[in-house]
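Everything on this sheet refers to the single structure shown next.
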Amino acid sequence: MANQEDIFKKVVSHAKEYGFIFPSSEIYDGLGAVYDYGQLGTELKNNIKQYWWKAMVQYHENIVGIDSAIFMHPKIWKASGHVDAFNDPLIDNKDSKKRYRADVLIEDHIAKIEDKIKKECDKAHKRFGDAFNREQFVSTNPRVLEHQKQIDEIHEKYAELMNANDLAGLKQLILDLGIVCPISGTRNWTDVRQFNLMFATKMGSVEGENDTLYLRPETAQGIFVNFLNVQKSGRMKIPFGIAQIGKAFRNEIVARQFIFRMREFEQMEMQFFVRPGTELEWFRHWKEERLNWHLALGIPADKYRFHDHEKLAHYANAATDIEFEFPFGFKELEGIHSRTDFDLSRHSEFSGKKLQYFDSELNENYTPYVIETSIGVDRTFLAIFSHALKEETLEDGSTRTLLSLPPVLAPYKAAILPLVKKDGLPERAREIMDSLKYDFMLQYDEKDAIGRRYRRQDAIGTPFCITVDNDTLEGKGVTVRERDSMKQERIPVEKLNTYLHEHIKPIQVN
């Protein structure tokens with residue numbers, strides 16, 4: 001079995017080879033932690049965004065969407081706390097000259113201990129087979145209990161230091177845990193210091209009249225400053241939500257792990273405005289709702305877990321992450337936060353405009369509380385793509401590379417393949433493609449033997465291959481091959497549209 005690092009390398013390699021993701025500016029030797037989505041990656045990414053938009057906006061009467069500008073008034077970032085508090089704790093290794101996030105070094109150390117627990121469980125599972133009870137094992141095995149005790153102690157100390165913004169304490173914890181630089185292998189660390197992550201730029205062309213602007217580090221503030229505009233123009237009644245998909249920018253010093261952490265990325269966020277006092281009830285609701293959205297993709301539930309925040313942001317009274325098991329371990333995929341009335345209150349204070357809601361049922365004005373759901377498009381792409389990529393050994397001993405994407409997310413829904421490039425088959429195949437292309441993204445391919453074409457479509461995740469042969473010319477339909485099972489059936493040409501619609505259904509969130 002390939003190790004996780006090898007699996008991740010295959011994910012990165014496959015994404016480039018088949019036109020999903022390219023290093024940005026590659027012919028100029030690239031730009032660190034910036035990537036371009038290729039022809040297939042763009043389709044998959046758009047399909048993910050559409051799936052989210054439908055689930056959040058189309059399927060909810062009380063949620064609407066906006067698209068706010070990337071450039072915003074600089075006072076917005078002062079009000080939100082980003083100018084003063086949007087920092088990462090950085091630490092350098094003096095020997096390798098490499099820079100790291102102190103919190104990530106500690107989290108990676110915890111992940112190594114978690115991996116030891118997983119290995120103990122895997123060994124026991126192998127030994128006991130179907131009789132293995134994981135829950136009982138982890139609660140009774142001495143080695144597992146010792147590892148868990150270590151994790152709990154580190155978590156407790158780490159949360160205490162982060163909440164106190166104790167940078168010297170963070171460095172000491174790194175030293176106490178014996179954390180070494182992955183490059184130099186030494187513990188020769190600098191002091192920890194804070195680094196602001198916002199990109200600054202200038203507006204205006206005359207020197208001395210420039211205003212400093214920031215590329216937005218999140219999309220949420222564009223929603224908050226438009227709260228009244230949307231509420232009044234849409235006659236929205238609390239509780240209601242405002243959703244947005246858009247680019248955000250963070251000057252990550254330690255960007256890594258392919259598209260997991262980038263300097264330019266895309267977010268899907270929804271801010272849900274509620275009566276004060278009901279926020280924790282709504283927090284629990286959206287926590288469950290968002291996990292169901294992920295599970296509806298068909299990825300096993302054990303690939304996800306909740307991680308409640310030990311260090312709450314200054315604006316939150318509850319926060320959790322939905323973590324996904326990427327090839328490099330469990331990492332944050334989506335955050336659900338109860339932000340209280342912090343954002344609207346701060347923008348009221350800094351702008352001088354009252355951002356309140358008149359509740360006719362209570363006959364009073366109040367500043368709404370907010371529940372936020374925030375998910376990275378790129379991280380969702382990586383989660384879905386990495387889980388879908390498989391290598392299978394077939395009955396004849398050969399192998400195939402398979403990208404087992406949910407059909408509704410696949411870049412191409414079907415490939416149209418004439419069996420040979422003669423006898424009128426390409427012309428008939430083109431006719432069939434023309435009849436379907438207004439409803440489905442399709443690819444036409446007539447190059448190479450049919451088996452090789454099937455393999456190409458398997459590798460890019462196309463759920464169906466439609467083969468046009470001589471029987472098709474005689475009115476006997478086409479062969480439709482299903483990607484995952486490789487089963488084939490004969491379908492009349494006039495029923496193809498209905499067949500594809502039935503087999504590529506929108507994902508239903510329970």
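Owing to the predicted nature of the structure, the values given are computational and were not obtained by experimental measurement.
- Under the 3.5 Å distance criterion, with hydrogens and angles disregarded, no donor-acceptor pair is assigned to the side chains of T340 and N317.
- Below 30°, between 30° and 60°, or above 60°: for F385 and H14 the angle between ring planes is between 30° and 60°, a tilted geometry.
- No hydrogens or angles considered: nothing links the side chains of S80 and D343 as a donor-acceptor pair under 3.5 Å.
- The closest side-chain donor-acceptor pair between K202 and T212 falls under 3.5 angstrom.
- Between H387 and F324, the ring-plane angle classifies as perpendicular under the 30° and 60° cut-offs.
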Under the side-chain contact (heavy atoms from CB on, under 4.5 Å) criterion, do V370 and F224 qualify, and how do the steps go? CA-CA 10 Å; V370 177; F224 295 131; 3.9 Å; yes
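- Under the side-chain hydrogen bond (donor to acceptor under 3.5 Å, both in side chains) criterion, Y59 pairs with no residue, sequence neighbours left out.
- Electrostatic pairing of D6 and K10 does not count as a salt bridge here, judged by no charged N lying under 4.0 Å from a carboxylate O.
- Ring orientation note: the planes of W282 and H285 are nearly perpendicular, at an angle over 60° on the 30°/60° scale.
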Evaluate the criterion side chain to side chain donor-acceptor pair (under 3.5 Å) for residue pair Q221 and H347; output intermediate values, then yes/no. CA-CA 9 Å; Q221 301 307 319; H347 288 305; 2.7 Å; yes
Donor-acceptor pairs under 3.5 angstrom involving side-chain atoms of residues 130-138: please list them, not counting sequence neighbours.
| from | atom 1 | to | atom 2 | distance (Å) |
| --- | --- | --- | --- | --- |
| N133 | OD1 | E135 | N | 3.2 |
| N133 | OD1 | Q136 | N | 3.0 |

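- Geometric assessment of R216 against the ring of F71 yields a negative cation-pi assignment under the 6.0 Å and 45° thresholds.
- Side chains of S68 and Q244: a donor on one and an acceptor on the other come within 3.5 Å.
- A salt bridge (Lys or Arg N to Asp or Glu O under 4.0 Å) with K247 is found for one member of E218, E264, E266 and no other, namely E264.
- A salt bridge links D108 to K331: one of the charged nitrogens lies within less than 4.0 Å of a carboxylate oxygen.
- By the 6.0 Å contact criterion, CZ on R275 is enclosed, its count of non-hydrogen atoms from other residues, nucleotides or ligands being greater than 12.
- For F358, the side-chain contact (heavy atoms from CB on, under 4.5 Å) partners are S360, N363, N365, not counting sequence neighbours.
- With hydrogens and angles left out, the side-chain atoms of Y37 and E43 include no donor and acceptor closer than 3.5 Å.
- The aromatic rings of F258 and Y35 sit perpendicular, their planes meeting at an angle over 60°, well past the 30° parallel limit.
- Ring planes of F227 and F240: parallel class, angle under 30° (limits at 30 and 60°).
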